[in-house]
Amino acid sequence: MNEKQRLLKELPSVDEILKIPDGVRWCESYPRRYVLKAIREVIDNRRKEIIELSSTDITIEGMTNNIETRIQKLSSYSLQPLINATGVVIHTNLGRSILSERVLDNVRKVSENYSNLEYDLEKGARGKRYVHITELLREITGAEDSLIVNNNAAAVLLCLNTVAKGREVIVSRGELVEIGGSFRVPDVMAASGAILKEIGTTNKTHLYDYERAINENTALILKVHKANYRITGFTEDVPVTDLKKLSEKHRIPLMYDLGSGCMIDLKPYGIHSEPAVQEIVKAGVDIITFSGDKLLGGPQGGIIIGEKEYINKIQKNPMTRAVRIDKLTLAAFEATLMEYLDEEKAIENIPTLKMLLQSPKQIKERAKKIASQMKRQIKNAKIEVAPDESKAGGGSLPEVAFPTYVVSIKPEGVSVNDLEERLRKGIPPIIARIKDNAFFIDARTVRNHEITSLVKGIRTALY
Ligand SMILES: *Cc1c(COP(=O)(O)O)cnc(C)c1O
């Protein structure tokens, strides 16, 4: 018998490994099927090594670490928290808006108990799930009635299907947008059964373009907020107030897909491109839709507000049942919206708004704190604080560059790209950006309680 054959013969069996104390412990703490799978994989790997290399460690002790790591990997959650050091506050790939503890407390309270989700406590009879946020939305936005569905794409689809199925919807060519994640106005229009009536040109659309397009088959005038891009230069679009006049004159409803759904006035912060929801309500738009997890800073959802007449019709559409929100989302919305009763509280307590509107001075202080901890623990990298710019993300405020501070890391002995990969695959994963051959940690989106594990992650990745 040669060496290879001897090693193959002596390779431990799955049963032998299951009987050692570690094996017993694994079976108690992890799903048994993953324990077996991990043991088999590690044995198979060893067998391959014997065949290819004629040598490997075939002792059980030499295999336990590999098995344990594999079991942990197999039994860990796929969807997991990570540290967003990109500075992009509403990062679509990283979960858009995050929720505050107060909001999550409410989600927990409502979901670990029975609730009056669809039960009218006054009447002792069946109620509607949407009533829980109607009053709040009326109070905050001034809109007569409201409805929340799964997301804004569903909201737009539902509105078009209810109001304009088989009839024409007028949209400016400058507003036929695609939003990340495959939301395209012409496609949603087609899916809703409404007929798209394009008017104007890419850069200019006039009131007379709208007026000329109106005929007996026109069901709706739709305005779409150019949430994620800007056309600059020789441009013109029609203000919503003019569209309102036109819609009244011809008795055709006006709808505005606002996208981001900002519920505070951003002008004092120097941001003039994002209309507040309240302004659009005041302009008399009949149906307004926006996302719950962009600038609003709540859970995923699509909010529809407007005239009772239309909201009633939309509620009765059978499609509404297919895109309804669950009680967890409702609980999160109610708690989020409650913050908006007081604008200052909203900015303080809603993480998205807080991260976007914090002062560069506050960010700089945090960046310095991160840098000083890093410098103490990490010697093989050049670490410094530098000014930079961050983006809102999520297709919101595309042209606004938010002044920020980053911790720039120039590692020695490992490339910036390798560092990026190690951090991305770490526990927790750390996601940041590479710029000028340095690794940039943007302090805007790093929260104070994450600093220790951020620094530890980077130290680990560099050794
Ligand atoms: C983001 C956005 C949508 C899609 O909203 P979701 O909540 O992602 O479904 C639709 N329209 C506009 C203008 C948007 O900005």
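Residue indices begin at 1 and follow the sequence shown. Atoms within each ligand, like the ligands themselves, are counted from 1 in listed order.
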Problem - ligand 1-proximal atoms of Asn152, by part, heavy-atom distance under 4.0 Å - result: both
Handout entry: Closest non-hydrogen atom pair between Gln300 and Asn150, with its separation
Key = NE2-O, 3.1 Å
Exercise for the section: Can you sort out which atoms of ligand 1 are near Arg96, meaning under 4.0 Å from one of its heavy atoms? Expected result: 6 (P), 7 (O), 8 (O)
Problem - Non-hydrogen atom of Asp257 closer than 4.0 Å to ligand 1 - result: yes
Exercise for the section: Give yes or no for whether the N/O distance cutoff of 3.5 Å, strictly under, is met between His225 and ligand 1. Expected result: no
Practice task
Work out whether the distance between some heavy atom of Gln300 and some atom of ligand 1 is less than 4.0 Å.
Solution key: no
Practice task
For Gly259, take its heavy atoms, then give the atoms of ligand 1 lying under 4.0 Å from any of them.
Solution key: 12 (C), 13 (C), 14 (C), 15 (O)
Exercise for the section: State whether Glu274 and Lys294 are salt-bridged, where the test is any N-O pair (Lys NZ or Arg NE/NH1/NH2 against Asp/Glu carboxylate O) under 4.0 Å. Expected result: no
Problem - Contact (N/O only, under 3.5 Å) between Ala153 and ligand 1 - result: yes
Problem - Side-chain donor-acceptor pair present, Asp237, Thr205, cut-off under 3.5 Å - result: no
Practice task
List in chain and number order the residues that pass salt bridge (charged side-chain N to carboxylate O under 4.0 Å, His left out) with Glu139, two or more places apart in sequence or in another chain; answer none if no residue qualifies.
Solution key: none
Practice task
Heavy atoms only: give me the nearest Tyr405-Ile363 pair and the separation to one decimal.
Solution key: N-CG2, 3.6 Å
Problem - Thr452 to Gln373 - nearest heavy-atom pair and separation - result: CA-OE1, 4.4 Å
